[in-house]
Amino acid sequence: MKNIIKDLRRKDHKRYLGGLDFFKYIGPGLLVTVGFIDPGNWASNFAAGSEFGYSLLWVVTLSTVMLIILQHNVAHLGIVTGLCLSEAATRYAPAWVSKPILGTAVLASISTSLAEILGGAIALQMLFGVSIGWGAVLVTAFVLLMLFTNSYKKIERAIIGFVSIIGLSFIYELFLVDIDWPAATRAWVVPSLPEGSMLVVMSVLGAVVMPHNLFLHSEVVQSREFNKGDDASIRRVLKYELFDTLFSMLVGWAINSAMILLAASAFFSQGVQVEELQQAGALLHPLLGQNAAVVFAVALLLAGVSSTITSGMAAGSIFAGMFGESYHIKDSHSQVGVVISLGVALLLIFFIGDPFKGLLVSQMVLSMQLPFTVFLQVGLTSSRRVMGPYANSRWSACVLYVIAAVVTVFNLMLLF
């Protein structure tokens, strides 16, 4: 009888552990989440909330839905083929297609790194009065140190910690202001276009779906391929990847929404329009107190540093993939990609007179490159030659191409 009870307990314990398997797969999605809560998003979200109140919250919902579908799709590519998006393009796409797209993707990663480093530098200026130039040097040096001396697991844990602190920071901020929750709930699901809001709408959309995140997700998701070798194992990993993507993207949706809610409550209600991140930090001091201003700056610093880490990893993945290699910081091609992205971005910052305009220009560069990456991705994941039986169905391919077309239209509108 005792043996039977022990066996039952052992089976229950195994079921319990099996139910917690999804925790082993959490991580890649959160790395990607950092990319769309970067300083560029801060600028767009605070502009949306301060100018139009709650009315543009629906844009965050729409862009997050599109992002979930695209990130889930590109993660399938990494899991099924064992290749990142850059490697798959190099192997399966004609050279006249893959080389220009991957070359512009490297330029887009430089633009991304510029925004991330600039955001961290602005935060250091807000906290300690450090000049933008020296702040950019400090942020770049710290990120390079983390990338070149730590293992991937340590970086992943650090970034998850950064995301958690940023999220808690904005939750703390929301307790300091009055939110009209019925109005906010309605704005999340009911589209509206207040007069003069189109540019901000397109900015928020363009800042969420970013090309470097697609490359990065297809790379880092492979770290969760436990015992992949048969159809059952692949399907199990795909199932847990979906949970990771949904959970992580919803975290990003909540943080971006919190930014708009905070700006609407603190600034829109006072008739104040936020035009730069430093201004937002300064305005929080008289409106919400010294603690809120400090929390804002610390959260911006963490967002800048963590997103710079992921943009560097994405650049390493793109550059290494051009040579048919996966990302590894000990690999020379990965190292060159990281250094090119962060180094060139740092140099460009010294030629930028207006940091806020620098953030806007960086988002425009991303918007120019994004459609090429999206159509490349959908073409690869819809190919049976690449994906085998896991290729997109006709219905899935149709949905993905519609999203790609919508992203293209919105980003072209943003560019103009």
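We count residues from 1, following the sequence as given.
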Would you say Trp395 has more than 12 foreign heavy atoms packed within less than 6.0 Å of its CH2? no

Distance flag, aromatic centroids of Phe128 and Trp134, threshold under 6.0 Å: no

Without swapping roles, check the side chain of Ser341 against the backbone of Ser109 for a donor-acceptor pair under 3.5 Å. yes

As an exercise, state the distance from NE2 of His217 to OG of Ser317, rounded to the nearest 0.5 Å. 12.0 Å

From Leu102 atom CG to Leu85 atom CG, the distance as rounded to the nearest 0.5 Å: 7.5 Å

So for atom CZ, which belongs to Phe372, do other residues, nucleotides or ligands contribute more than 12 heavy atoms lying within a distance under 6.0 Å? no

Measuring from atom CG of Leu145 to atom OG1 of Thr140, what distance do you get when rounded to the nearest 0.5 angstrom? 12.5 Å

Measure across Ala136 and Ala121 and return the closest heavy-atom pair with its distance rounded to 0.1 Å. N-CB, 3.5 Å

Given side chains that start at C-beta, do those of Ile122 and Ile132 come closer than 4.5 Å, heavy atoms only? yes

How many angstroms lie between CD1 in Ile117 and OG1 in Thr112, if you round to the nearest 0.5 Å? 10.5 Å

Spacing of Met210 atom CE and Gln369 atom CD [to the nearest 0.5 Å]: 11.5 Å

If we only count heavy atoms from C-beta on, is the Ser257 to Leu57 side-chain gap below 4.5 Å? yes

Polar contact flag, side-chain donor to acceptor under 3.5 angstrom, Gln377-Asn73: yes

Stepwise, does the side chain to side chain contact (heavy atoms under 4.5 Å, CB included) test hold for Leu70 with Ile403? CA-CA 8 Å; Leu70 289 172; Ile403 291 175; 4.0 Å; yes

Could you go step by step and tell me if Phe215 and Tyr327 meet the side chain to side chain contact (heavy atoms under 4.5 Å, CB included) rule? CA-CA 11 Å; Phe215 287 96; Tyr327 171 82; over 6 Å; no

Is it true that the side chains of Ser192 and Ser55 contain a donor and an acceptor less than 3.5 Å apart? no

Student check: side-chain heavy atoms of Arg91 and Thr81 closer than 4.5 Å: no

In terms of relative ring orientation, are Phe243 and Phe247 parallel, tilted or perpendicular, with 30° and 60° separating the classes? parallel

Can a donor-acceptor pair be found, under 3.5 Å and without considering hydrogens, that links the side chain of Ser382 to the backbone of Gly379? no

Between Pro39 and Glu116, the two heavy atoms sitting closest are CD-OE1, 3.4 Å

Distance from Leu246 atom CG to Ser248 atom OG, nearest 0.5 Å? 9.0 Å

Looking at Phe350, I want to see if its CZ is surrounded by more than 12 non-hydrogen atoms of other residues, nucleotides or ligands under 6.0 Å. yes

Report the residues that fulfil side-chain contact (heavy atoms from CB on, under 4.5 Å) with Phe175, sequence neighbours left out, ordered by chain and then residue number. Ile171

Under 3.5 Å: donor-acceptor pair, side chain of Thr90, backbone of Gly321: yes

Asn256 versus Met259: any side-chain heavy-atom pair under 4.5 Å? yes

Where does the angle between the aromatic ring planes of Phe267 and Phe46 fall among parallel (under 30°), tilted (30 to 60°) and perpendicular (over 60°)? tilted

Knowing that exactly one of Trp58, Trp253, Tyr54 qualifies, which makes a ring-ring contact (aromatic ring centres under 6.0 Å, His included) with Trp188? Trp253

For Gly312 and Leu147 the tightest heavy-atom approach is CA-CD1, 4.3 Å

For the residue pair Val298 and Leu127, establish whether any side-chain heavy-atom pair is separated by less than 4.5 Å. yes

Is there a side-chain contact between Leu376 and Ser98 in this structure, where contact means two heavy atoms from C-beta onward sitting under 4.5 Å apart? no

Correct closest heavy-atom pair for Pro371 and Thr408 would be CB-OG1, 3.3 Å

Between His212 and Ser311, the two heavy atoms sitting closest are CD2-CA, 3.9 Å

Test side chain to side chain contact (heavy atoms under 4.5 Å, CB included) on Val204 and Val60; report intermediate values, then the result. CA-CA 7 Å; Val204 175; Val60 177; 4.2 Å; yes

Phe142 and Thr308: side chain to side chain contact (heavy atoms under 4.5 Å, CB included), yes or no, with the steps? CA-CA 10 Å; Phe142 178 75; Thr308 305; over 6 Å; no

Can you see whether Gln71 engages Thr245 through a side-chain donor-acceptor pair at a distance of less than 3.5 angstrom? no

Under 4.5 Å between any side-chain heavy atoms of Leu380 and Met387, yes or no? no

How would you list, by chain and number, every residue that makes a side-chain contact (heavy atoms from CB on, under 4.5 Å) with Leu348, sequence neighbours excluded? Ile110, Leu114, Val344

Which residues pass the side-chain contact (heavy atoms from CB on, under 4.5 Å) test with Val65, sequence neighbours left out? Ile69

Correct closest heavy-atom pair for Val339 and Phe148 would be CG2-CZ, 4.1 Å

Could you check whether any side-chain N or O of Glu87 sits under 3.5 Å from a backbone N or O of Cys84, counting only pairs where one atom can act as donor and the other as acceptor? yes

Taking the side chain from Thr104 and the backbone from Ile101, do they hold a donor-acceptor pair closer than 3.5 Å? yes

I'd like to check Ser197 versus Glu51 (side-chain heavy atoms, cut-off strictly below 4.5 Å). Are they in contact? no

